[in-house]
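Working notes, beginning with the structure itself.
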Amino acid sequence: MTRGNQSHITEFLLLGLTSDPKQQVWLFASFLAMYLVNVGGNSVIIAAIRGDVRLHTPMYFFLSNLSFVDICFTNVIVPRMLANMQSKSKKVPFIQCLTQMYFFVACAITDSFLLAAMALDRYVAICHPLHYTTTMNPRRCLQLVTASWLVSHLHSLTHTVLMARLSFCGPNIIHHFFCDVQPLLMLSCSDTSVNELLAFTEGSFVIMSPFIFIIISYVYITRAVLRVPSGRGRYKVFSTCGSHLTVVALYYGTAISVYIRPSSTYSVTKDRVVTVIYTVVIPMLNPFIYSLRNRDMKQALRKLARREEQNKH
């Protein structure tokens with residue numbers, strides 16, 4: 001088909017997770033509940049860290065930023081999904097689709113880099129404790145967070161600009177619950193080889209580089225922990241990493257399974273279930289993972305609860 005005969009699509013149809021009205025009822029209730037828990041839980045984590053001087057440390061500074069990104073992550077995806085479930089028209093304008101894709105990619109990559117920054121913090125704290133204060137100073141922590149945001153948005157902007165240059169001639173149906181990179185590429189009638197090359201190479205780099213850095217950090221951390229003479233001492237040192245490792249395993253386990261592979265193997269039907277896990281479920285679980293086994297966080301949450309109770313009276 002020649003470009004002159006193509007009619008450029010100005011909107012897409014987002015089909016969501018299911019077209020069954022009965023399933024949509026319980027899906028709407030489930031995702032609304034997860035959304036409220038996510039926003040509420042992560043907001044409480046941020047408030048608890050800001051309100052307790054003992055938590056004004058690099059580890060909790062990174063955690064509060066991670067909680068903020070998780071709130072943004074969910075706000076990019078879930079409100080649109082919920083509105084789509086309640087609407088008879090599933091239409092999404094092309095510019096809105098690109099905007100959602102931009103912020104989705106930016107938040108996802110920022111999450112990845114923040115997890116790497118948290119691994120660096122644990123590595124310095126456990127392997128080089130005498131240099132911890134000077135190495136992880138407030139200025140260095142701010143630089144790491146700023147760099148995470150800048151690199152993520154530059155990466156996302158590149159994807160979005162390249163996507164905006166493509167032609168979409170029909171069909172315009174996206175078998176997904178949000179505007180992700182691969183489902184959009186599958187609908188384009190232009191040559192998408194540059195986009196696919198960028199997604200697989202540079203995309204793999206920005207996801208896998210932080211992951212490899214985290215793995216290397218934990219190799220050194222494990223070696224340092226094994227040198228601790230007592231079993232109780234080893235458990236105490238390594239327990240500070242347990243929450244972070246859990247989140248890393250959940251996040252990268254799902255993200256890598258969807259994105260780090262050739263586009264020819266991509267399946268919207270199978271992969272959108274996995275996508276739900278890291279876009280909705282994991283951000284919702286993060287506040288519980290980081291607070292349930294963390295004594296300092298529990299104390300900060302109790303302090304926050306007492307302060308709220310006093311404000312009522």
Side-chain angles (χ1 to χ4, degrees), residues 27-83 85 99-100 102-118 121 138 141-142 144-146 148-149 152-153 177-178 240 242-244 246-248 250-251 254-255 275-313:
L27 278 174
F28 180 87
S30 300
F31 280 103
L32 178 60
M34 286 190 284
Y35 173 73
L36 294 174
V37 170
N38 180 340
V39 174
N42 282 296
S43 298
V44 168
I45 291 288
I46 294 170
I49 292 171
R50 286 175 60 88
D52 195 328
V53 179
R54 292 172 303 175
L55 300 186
H56 292 180
T57 63
M59 181 173 74
Y60 292 107
F61 173 70
F62 293 133
L63 177 57
S64 63
N65 276 275
L66 186 70
S67 292
F68 176 72
V69 175
D70 282 343
I71 293 172
C72 296
F73 206 176
T74 304
N75 275 312
V76 169
I77 304 293
V78 180
R80 175 80 229 185
M81 186 203 304
L82 295 175
M85 287 180 184
T99 303
Q100 186 183 48
Y102 173 85
F103 284 107
F104 162 73
V105 174
C107 289
I109 302 302
T110 305
D111 250 1
S112 183
F113 279 108
L114 286 176
L115 288 171
M118 293 171 81
D121 174 72
C141 293
L142 185 60
L144 286 169
V145 170
T146 304
S148 298
W149 280 100
S152 304
H153 280 272
F177 58 91
F178 73 101
T240 62
S243 300
H244 182 248
T246 303
V247 173
V248 166
L250 288 170
Y251 179 81
T254 51
T275 309
V276 167
I277 296 173
Y278 77 85
T279 57
V280 183
V281 178
I282 295 175
M284 178 194 70
L285 292 177
N286 280 355
F288 300 100
I289 293 171
Y290 280 106
S291 61
L292 288 177
R293 295 181 61 189
N294 189 316
R295 187 177 62 184
D296 292 336
M297 184 58 71
K298 285 179 182 177
Q299 290 176 351
L301 290 172
R302 282 195 288 267
K303 184 178 178 181
L304 181 66
R306 284 197 298 270
R307 192 185 304 133
E308 289 298 317
E309 193 67 31
Q310 287 170 359
N311 290 340
K312 289 178 181 178
H313 300 297

Any chance the side chains of His153 and Tyr102 put a donor and an acceptor closer than 3.5 Å? yes
Within 6.0 Å of CZ in Arg50, more than 12 heavy atoms from elsewhere: no
Looking at Phe31 and Val78, what are the two nearest heavy atoms and their distance? O-CG1, 4.0 Å
Indicate the atoms forming the closest heavy-atom contact of Ile45 with Pro287, along with that distance. CG1-CB, 3.8 Å
At what distance, to the nearest 0.5 angstrom, does OG1 of Thr246 lie from CD1 of Ile289? 6.0 Å
What residue pairs, at least two apart or across chains, pass ring pair (Phe, Tyr, Trp, His ring centres under 6.0 Å) with a residue in residues 41-68? none
Identify the residue among Val76, Ile77, Asn75 that makes a side chain to side chain contact (heavy atoms under 4.5 Å, CB included) with Phe103. Val76
At what distance, to the nearest 0.5 angstrom, does CZ of Arg80 lie from OG1 of Thr99? 11.5 Å
What I'd like to find out is whether the side chain of Met81 reaches to under 4.5 Å of the side chain of Phe28, using heavy atoms alone. no
Test item: Asp111 and Asp70 side chains (from C-beta on) under 4.5 Å apart, heavy atoms: yes
pair Trp149-Val69: side-chain heavy atoms closer than 4.5 Å: yes
Between the CD atom in Gln100 and the CZ atom in Phe178, the distance rounded to the nearest 0.5 Å is 7.0 Å
Calculate, to the nearest 0.5 Å, the distance between atoms OG and CG belonging to Ser148 and Asn65 respectively. 8.5 Å
Heavy-atom pair of closest approach, residues Tyr278 and Phe73: O-CE1, 3.7 Å
Spatial distance of atom CD1 (Ile49) from atom CG (Leu63) [nearest 0.5 Å]: 4.0 Å
Can you tell me how far the CG atom of Leu66 sits from the CD1 atom of Ile71, to the nearest 0.5 Å? 10.5 Å
If you take all heavy atoms of Ile277 and Pro283, which pair is closest and at what distance? O-CD, 4.3 Å
Can you name the closest pair of heavy atoms from Met34 and Val281 and give their distance? SD-CG2, 4.1 Å
For residues Cys72 and Cys107, report the shortest heavy-atom separation together with the two atoms involved. CB-SG, 3.8 Å
